[in-house]
Amino acid sequence: MAGHPLSIQVRVHHLNENENLEHTLFSIKKGSVIQFKLGSTLFGQSIKLFINYPENPTDGFKRLVYRELKWRSDSLNKGDDTALHCDVTFELAGSFHYFFIPEGG
């Protein structure tokens with residue numbers, strides 16, 4: 001049944017220290033959600049995450065244009081890094097690339 005909430009594909013990507021994704025493209029179906037979470041190697045660090053998927057799909061996809069994603073938390077405890085995540089809903093099918101750097105890096 002198209003459009004049913006249970007038909008949404010959600011993928012979780014854990015970010016890990018020393019991960020080299022320079023030449024990696026990820027493919028995604030229209031309507032899918034990617035949830036980025038910190039891996040245990042990044043707990044306690046401030047991380048900036050960038051993706052080349054447009055914030056507004058009507059702007060069109062530009063492979064070399066990246067935007068920073070904002071971290072959200074499901075916890076009332078500010079120090080709970082396990083609850084940090086960035087969610088991206090893909091209204092366009094295709095491939096995307098992301099990278100992350102330490103804050104101030």
Side-chain angles (χ1 to χ4, degrees):
M1 185 157 82
H4 189 276
L6 296 178
S7 67
I8 295 173
Q9 177 186 11
V10 178
R11 289 188 194 172
V12 177
H13 281 270
H14 288 91
L15 309 179
N16 292 293
E17 196 167 27
N18 299 321
E19 194 171 53
N20 184 354
L21 301 173
E22 185 176 339
H23 301 291
T24 305
L25 284 178
F26 298 90
S27 294
I28 197 76
K29 293 179 181 178
K30 181 178 179 178
S32 297
V33 175
I34 298 286
Q35 184 176 78
F36 294 95
K37 296 181 75 81
L38 294 177
S40 61
T41 58
L42 295 175
F43 289 168
Q45 299 183 49
S46 294
I47 300 296
K48 288 181 150 192
L49 175 60
F50 300 87
I51 191 168
N52 66 351
Y53 183 80
E55 187 167 14
N56 184 348
T58 60
D59 293 341
F61 180 77
K62 297 176 183 85
R63 184 162 309 283
L64 300 178
V65 176
Y66 287 80
R67 66 182 172 101
E68 184 176 357
L69 298 177
K70 300 295 180 203
W71 291 101
R72 302 183 197 292
S73 179
D74 293 332
S75 176
L76 297 176
N77 179 353
K78 275 188 107 167
D80 184 3
D81 288 348
T82 64
L84 290 174
H85 61 92
C86 298
D87 296 347
V88 180
T89 300
F90 288 81
E91 296 179 36
L92 304 170
S95 60
F96 70 95
H97 180 258
Y98 70 89
F99 69 93
F100 59 92
I101 57 173
E103 186 91 31

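It should be emphasised that the depicted structure is a prediction, and the values quoted were computed from it without experimental measurement. Throughout, residue positions are numbered sequentially from 1 according to the sequence presented. Because only heavy atoms are used, hydrogens play no part in the values below, and waters and symmetry mates are left out as well, while side chains stay in.
- A donor-acceptor distance shorter than 3.5 angstrom exists from the side chain of Trp71 to the backbone of Ile47, with no hydrogens or angles considered.
- Within the model, atoms NZ of Lys30 and CD of Glu91 stand 8.0 Å from one another, a figure rounded to the nearest 0.5 Å.
- Minimum heavy-atom separation, Leu92 to Pro54: CD1-CG, 4.4 Å.
- The closest side-chain heavy-atom distance from His14 to Ser40 is not below 4.5 Å.
- In this structure the side chain of Ile34 reaches within 4.5 angstrom of the side chain of Phe96, judged on heavy atoms.
- Leu84 and Val12 are members of different hydrophobic clusters when ILVMFWY side chains are connected at heavy-atom separations under 4.5 Å.
- One distance of note links CG of Leu69 with CG of Leu49; it measures 4.5 Å at 0.5 Å rounding.
- If you chain together hydrophobic residues whose side chains sit under 4.5 Å apart, Val65 and Phe50 never meet in one group.
- Across all non-hydrogen atoms, the minimal contact from Leu15 to Leu42 is O-CD1, 3.4 Å.
- Rounded to the nearest 0.5 angstrom, Cys86 SG and Arg72 CZ are separated by 8.0 Å.
- Around the CZ atom of Arg67, the shell of radius 6.0 Å holds more than 12 heavy atoms that belong to other residues, nucleotides or ligands.
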Pair Tyr66-Phe99, ring-ring contact (aromatic ring centres under 6.0 Å, His included): steps then yes or no: CA-CA 9 Å; Tyr66 287 80; Phe99 69 93; 5.2 Å; yes
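- Between the side chains of His85 and Asp87, at least one donor-acceptor pair of N or O atoms lies under 3.5 Å.
- Expressed to the nearest 0.5 Å, how far CG of Asn52 lies from CG of Leu25 amounts to 7.5 Å.
- Asp81 places a side-chain N or O within donor-acceptor distance of the main-chain N or O of Gly44, the cut-off being under 3.5 Å.
- A donor-acceptor pair under 3.5 Å links the side-chain atoms of Lys37 to the main chain of Thr82, judged by distance alone.
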ring-ring contact (aromatic ring centres under 6.0 Å, His included) assessment of Tyr98 paired with Phe26: CA-CA 9 Å; Tyr98 70 89; Phe26 298 90; 5.3 Å; yes
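- In this structure, Glu68 CD and Phe100 CZ are separated by 13.5 Å, a value rounded to the nearest 0.5 Å.
- Side-chain polar atoms of Asn77 and Ser75 form no donor-acceptor pair below 3.5 angstrom.
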